[in-house]
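Read through the structure below, which is laid out as structure tokens, and then see the notes.
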Amino acid sequence: MNKKSNNFYITTPIYYVNDKPHIGHAYTTVMADVFARYYRKIKGENNVFFLTGTDEHGNKVANSAKAHNLSPQEFANNISNEYKKVWKKLDISYDEFFRTTDPSHEKIVQDYLQQLYDKGFIYKAKYKGLYCVGCENFFLSDEIINNTCAYHPNTLLVEQEEENYFFKLKDFSVFVLNEINKQTYEILPTERKNEILGKINNGVNDISISRSGVSWGIQLPWDKSQTVYVWIDALLNYYSATKIYSEKEKFWPPSLHLMAKDILWFHSLVWEGLLLANKIELPKVIFAHGFFTINGQKISKTLGNVIDPLVLVNEYGSDAVRYLLISSFSFGNDGDISLEKFKEKYNSDLANGIGNLIARIAKLCETLDFNNTNIPVNNFSSDIVKHMSQYRPDEAIKSVWRRIADFNRIIGKDKPWKLEKNKLKEKLNLYIKKILSIAFDMEPFLPKTSEVIQKIFSQEKIKKPDSIFPRK
Ligand code: ME8
């Protein structure tokens with residue numbers, strides 16, 4: 001495999017289709033979109049592969065389907081379409097949308113596990129433990145709070161005892177640890193990496209890779225009475241995708257797996273164990289961002305505080321929602337979402353910030369009947385490059401907004417409307433160059449606004465546009 005490859009392969013988790021997407025899913029997917037758009041500019045359109053999709057098997061999905069009186073497949077079709085609809089509204093530029101019920105994936109999973117079985121890395125054993133169907137995962141006693149896991153306070157753990165097939169994760173954890181220490185692949189942010197290292201050093205158990213009591217899943221090729229554990233099926237999507245879609249094989253290994261910290265363990269150890277066992281090169285970076293609450297509470301259907309991204313997009317527009325999500329939280333840390341704060345930020349940063357700046361400059365140009373000869377800028381400013389290379393899209397967008405605030409201040413100080421005509425022309429040329437650079441820097445974050453600004457300020461006769469971000 002070519003280490004110096006110019007390719008960039010970025011993934012989001014594939015989301016469960018037990019319910020419609022909420023703001024947490026939107027956050028990860030918008031962030032992944034920012035990276036994909038950024039690297040398309042840096043590396044070229046054809047050198048980026050942005051994958052998202054849906055995780056459709058397992059009891060969590062089967063139970064929801066049943067509650068809606070639909071077959072799991074019908075229900076999965078509906079919800080995965082919901083995901084596609086929301087991503088379209090948020091201008092998510094994914095290259096492929098993966099579904100684990102794709103028959104080509106099912107075949108790849110079966111072949112993959114058969115290989116591990118033939119190599120002797122899979123064995124049969126009895127397992128008894130407390131299971132959270134919300135996470136589709138077993139929990140150890142030190143991770144349990146009031147008979148629930150930390151992420152699903154309304155879902156009681158149930159005791160399950162089954163005879164399953166197990167993957168020898170414990171054996172491979174030593175090799176994974178070695179790769180982490182060699183920095184062959186990175187877990188970010190560093191605090192998360194240290195947590196994972198601590199957990200591995202505390203001892204790793206082998207992991208069950210099949211279920212006997214779950215019918216909605218991929219059959220194990222060597223024992224048709226069992227289905228593949230939904231997490232194993234799901235993780236393999238990242239690999240399957242490079243085989244299923246045409247001309248994607250060159251993208252292996254993944255450059256960046258993005259997710260929240262809730263599923264980091266699966267992505268930073270289990271996934272690597274499965275890959276090492278089949279001698280497949282490991283992903284480069286696993287990045288886990290924080291987990292969000294809404295007004296201090298866990299996002300939960302039962303609590304009725306779920307924010308539908310579509311409602312937000314209808315209220316503010318897609319770029320505004322993207323901006324609010326990207327800039328409101330430090331990438332990697334937990335955060336709290338408040339609709340009131342979103343509104344304040346919308347008015348101060350978008351309506352008053354960029355909206356005002358565009359209007360002021362365009363109006364000056366229009367009044368002067370200015371002859372514009374500027375052409376769009378074609379490269380990112382050094383701040384953007386620095387922050388993006390450090391996995392800080394939040395800092396990157398903040399640096400753009402600092403420039404916007406400074407710019408508004410400078411115009412106030414310059415008082416260009418008082419300048420004589422020739423001096424004013426000089427100033428406007430300078431302003432336009434600056435705003436075109438801001439517009440280019442904005443593209444990965446606010447693609448529509450970026451395009452609108454570039455259009456306005458590349459015309460020969462600049463006209464003041466209708467308000468881009470009307471006050472709310
Ligand atoms: O775990 N804050 O799917 P899932 C931040 N199917 N991010 C959040 C969030 C919150 N409150 N809630 C959800 C699964 N997310 C598996 C993944 S991948 C091989 C299989 C985002 O639908 C975040 O990215 O429960 C989190 O990791 C993911 O949704 C969990 O999505």
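Whatever order the structure lists them in is the order used to number ligands and atoms, beginning at 1.
Nearest to atom 29 (O) of ligand 1 among the protein's heavy atoms is His25 CD2, 3.3 Å. The shortest contact between atom 22 (O) of ligand 1 and any protein heavy atom is with Tyr16 N, 3.0 Å. The protein heavy atom nearest to atom 27 (O) of ligand 1 is Asp262 OD1, 2.8 Å. Of the protein's non-hydrogen atoms, the one nearest atom 1 (O) of ligand 1 is Ile263 CG2, 3.5 Å. Here the heavy atom of the protein found nearest to atom 24 (O) of ligand 1 is Thr28 OG1, 2.6 Å. Nearest to atom 7 (N) of ligand 1 among the protein's heavy atoms is His289 CE1, 3.5 Å. Of the protein's heavy atoms, Tyr15 CE2, 3.9 Å lies nearest to atom 28 (C) of ligand 1. Looking only at heavy atoms of the protein, atom 12 (N) of ligand 1 is closest to His22 CE1, 3.3 Å.
Assignment of Trp231 to the shell around ligand 1 is supported, since a heavy atom sits closer than 4.0 Å. For the pair Phe291 and ligand 1, a heavy-atom separation below 4.0 Å is found. Ligand 1 lies within reach of Tyr238, whose nearest heavy atom is under 4.0 Å from it. Using 4.0 Å as the threshold, Lys298 has no heavy atom nearer than that to any atom of ligand 1. Heavy atoms of His267 come nearer than 4.0 angstrom to ligand 1 in at least one pair. Residue contacts with ligand 1 include Gly290, since one of its heavy atoms falls under 4.0 Å from the ligand.
Under 3.5 Å, the side chains of Thr227 and His57 contain no donor-acceptor pair of N or O atoms.
Relative orientation of the Trp401 and Tyr323 rings is tilted, given thresholds of 30° and 60° on the angle between their planes. Classification of the Tyr27-Phe329 ring pair by plane angle, with boundaries at 30° and 60°, yields perpendicular. Between Tyr117 and Tyr165, the two ring planes are perpendicular [angle over 60°; tilted spans 30° to 60°]. Ring pair Tyr123/Phe166 is parallel by interplanar angle, where below 30° counts as parallel and above 60° as perpendicular.
Asp95 pairs in a salt bridge (charged side-chain N to carboxylate O under 4.0 Å, His left out) with only one of the listed residues (Arg37, Lys248, Arg40), which is Arg40. Here the rule is ring-ring contact (aromatic ring centres under 6.0 Å, His included) with Tyr39, and of Phe8, Phe50, Phe380, Phe49 only Phe8 fits it.
Those atoms of ligand 1 with a heavy atom of Asp55 less than 4.0 angstrom away are 6 (N), 16 (C), 20 (C). Taking a cut-off of under 4.0 Å to the non-hydrogen atoms of Ile299, the atoms of ligand 1 that pass are 11 (N).
Between Tyr83 and ligand 1, no N or O atom pair is found at a separation short of 3.5 Å. Ligand 1 has a nitrogen or oxygen under 3.5 angstrom from a nitrogen or oxygen of Phe292. In terms of polar-atom proximity, defined here as any N/O pair under 3.5 Å, Ile14 does make such a contact with ligand 1. Note: an N/O pair closer than 3.5 Å links Ala260 and ligand 1 by distance alone.
The number of heavy-atom neighbours closer than 6.0 Å to CD of Glu451, taken from other residues, nucleotides and ligands shown, is 12 or below. For Lys182, the NZ atom counts as densely surrounded, since its 6.0 Å shell holds more than 12 non-hydrogen atoms of other residues, nucleotides or ligands. In the displayed structure, Lys43 atom NZ is contacted under 6.0 Å by more than 12 heavy atoms of other residues, nucleotides or ligands. The 12-atom threshold is not exceeded at CG of Asn146, counting heavy atoms of other residues, nucleotides or ligands nearer than 6.0 Å. Under a cut-off of 6.0 angstrom, the local environment of NZ in Lys398 is crowded, with over 12 non-hydrogen atoms contributed by other residues, nucleotides or ligands.
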